[in-house]
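Working notes for the structure below.
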Protein chains: 2
Amino acid sequence: MQLTRRAEYAIRTMLDIASNLDDQPLMSKEIAARQDIPLNFLIQIVPELRSAGLIHTVRGSGGGIYLTKKPSEISLRYIVEAIEGPIALNQCLIGDASCERQPRCPIHEVWALAQRQMLAVLEATTLAGLVDQSQSGKKAGKTSAAADVASKINNEVELEV
Amino acid sequence: MQLTRRAEYAIRTMLDIASNLDDQPLMSKEIAARQDIPLNFLIQIVPELRSAGLIHTVRGSGGGIYLTKKPSEISLRYIVEAIEGPIALNQCLIGDASCERQPRCPIHEVWALAQRQMLAVLEATTLAGLVDQSQSGKKAGKTSAAADVASKINNEVELEV
DNA sequence: CTAAACTTAAGTAAATTGGTAAACTTTATG
DNA sequence: CATAAAGTTTACCAATTTACTTAAGTTTAG
């Protein structure tokens, strides 16, 4: 029931690249150092992001990594699923999957709803939104990416975590 | 990122007991057969539900299991956390946990929001709601427990899963 | 041609998952 | 009080996943 380190590192990596202002491609080594990711582990994650079409990589001296899309077009959901495959909170939500137990299993439907609620947040959150917040950082404006998302899906529930 | 079998079986077990109309305690063996749970596995789960205070067990011949609370007072969240411990979609959400990376890490806050959305559903879903739906089963009324919950938290997001 | 950079393919220790098995304790009932 | 029915406890296990590490490539700028 928890995000893997791989996916967390993938998110940090994508965010690191999206925050990069030069148009030089970034090297894995820099990213690893800046984001506290074991280099040899990151080096394994990068090709997965590439085969998912999220980044381009340039080999050889002077090479590195850059994004293939605009940060505003890359959602957290997309990044997570690039690494972990489709998100399914319950086994019965894999694929199109209606529960095999009953035509309409009540448990199945509750998990489906919980998952929709969660995915809505991950889908509404883009790298652009996250970068904005990181960069407004110390400034007066206290809008968080999460707050943006919350207002976007205009339905945050009051509940202590 | 997925519910374990243990927790799924725990939910089925609790729902099975809540659906029981007699006030005879139910035996693990019956429950296992009815809910397609390997008996020897269920037998391992039952004591966990008991130490979480969700059920009482009666030993010896004629013994079995019954609920300690009313089905309307038992939420899915409670059952899941009895088995898996506190739900945390990201490592940085364990405990009270503010992210150690930044005072306000944008990634952390997004996951916190996603988790609140998900937990709201699991918390609003009680065994009573699920039993209602199972039993209205074939009838005309098409209210699902999930639909009830959705209206309760009055904010379901449109999104294809 | 060589150092910088990504690529590919193994390997690995530890934890988790989903079970199974066996020995034990408690208790109703005859 | 004997016995069978029921839950309890403990231990074990194989497969998978996780989070890495290592090492031997390949590509390319300069």
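Order of the sequence lines sets the chain letters (A, B, ...), proteins ahead of strands, with each chain counted from 1.
The CD1-C1' distance, from B/Ile31 to D/dA6, rounds to 12 Å in whole Å. One interatomic measurement links the two molecules: CZ of A/Arg5 to C1' of D/dC20, which rounds to 12 Å at whole-angstrom precision. Atoms CZ (A/Phe41) and P (D/dT18) sit 10 Å apart, rounded to a whole Å. We find that CD of A/Gln44 is positioned 10 Å from C1' of D/dT18, with the value rounded to whole Å. Separating the CD1 atom of A/Ile43 from the C1' atom of D/dT21 is a distance of 11 Å, rounded to the nearest angstrom. Atom-to-atom, CD of A/Glu84 to P of D/dT18 comes out at 7 Å; the value is rounded to the nearest Å. Spacing between atom CD of A/Glu48 and atom P of D/dT18 amounts to 11 Å, rounded to whole angstrom units. Rounded to whole Å, atom C1' of D/dA6 lies 10 Å from atom NZ of B/Lys29.
Taking 4.0 angstrom as the limit, A/Arg6 places none of its side-chain polar atoms (N or O) nearer than this to OP1 or OP2 of D/dC20. Residue A/Thr4 has no polar side-chain atom (N or O) positioned under 4.0 Å from OP1 or OP2 of D/dT18.
Taking the six-membered ring where tryptophan is involved, the planes of B/Tyr66 and B/His56 are tilted, since the angle between them lies from 30° to 60°.
Residue-level contact check: B/Leu3 touches neither bases nor backbone, having no heavy atom under 4.0 Å from any strand.
Chain A approaches DNA chain C within less than 4.0 angstrom (heavy atoms of the protein), and the contacting nucleotides run 5' to 3' from C/dA4 to C/dA10.
Side chain of B/Glu84 to main chain of B/Thr4: a donor-acceptor pair is present (N/O by atom type, distance under 3.5 Å, no hydrogens or angles). Here the side chain of A/Thr125 pairs no donor or acceptor atom with the backbone of A/Leu76 at under 3.5 angstrom.
In B/Asp22, the CG atom is crowded: over 12 heavy atoms of neighbouring residues, nucleotides or ligands sit closer than 6.0 Å.
For the residue pair B/Gln35 / B/Thr13, no side-chain donor-acceptor distance below 3.5 Å is found, with atom types taken as modelled. B/Asn90 and A/Gln2 share no side-chain donor-acceptor pair at under 3.5 Å.
Nearest-nucleotide mapping onto DNA chain D: of B/Met27 and A/Pro38, the residue sitting toward the 5' end is B/Met27. DNA chain D is contacted by both B/Gly64 and A/Leu39; B/Gly64 maps to the nucleotide lying nearer its 5′ end (nearest heavy atom per residue). A residue-by-residue look at B/Tyr9 and A/Ser61 shows that A/Ser61 has its nearest nucleotide of DNA chain C further toward the 5' end.
The side chain of A/Arg59 has D/dG25 as its nearest neighbour among D/dA19, D/dG7, D/dG25.
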(request) Check step by step if side chain to side chain donor-acceptor pair (under 3.5 Å) holds for B/Glu73 and B/Thr126. (result) CA-CA 7 Å; B/Glu73 292 169 344; B/Thr126 67; over 6 Å; no
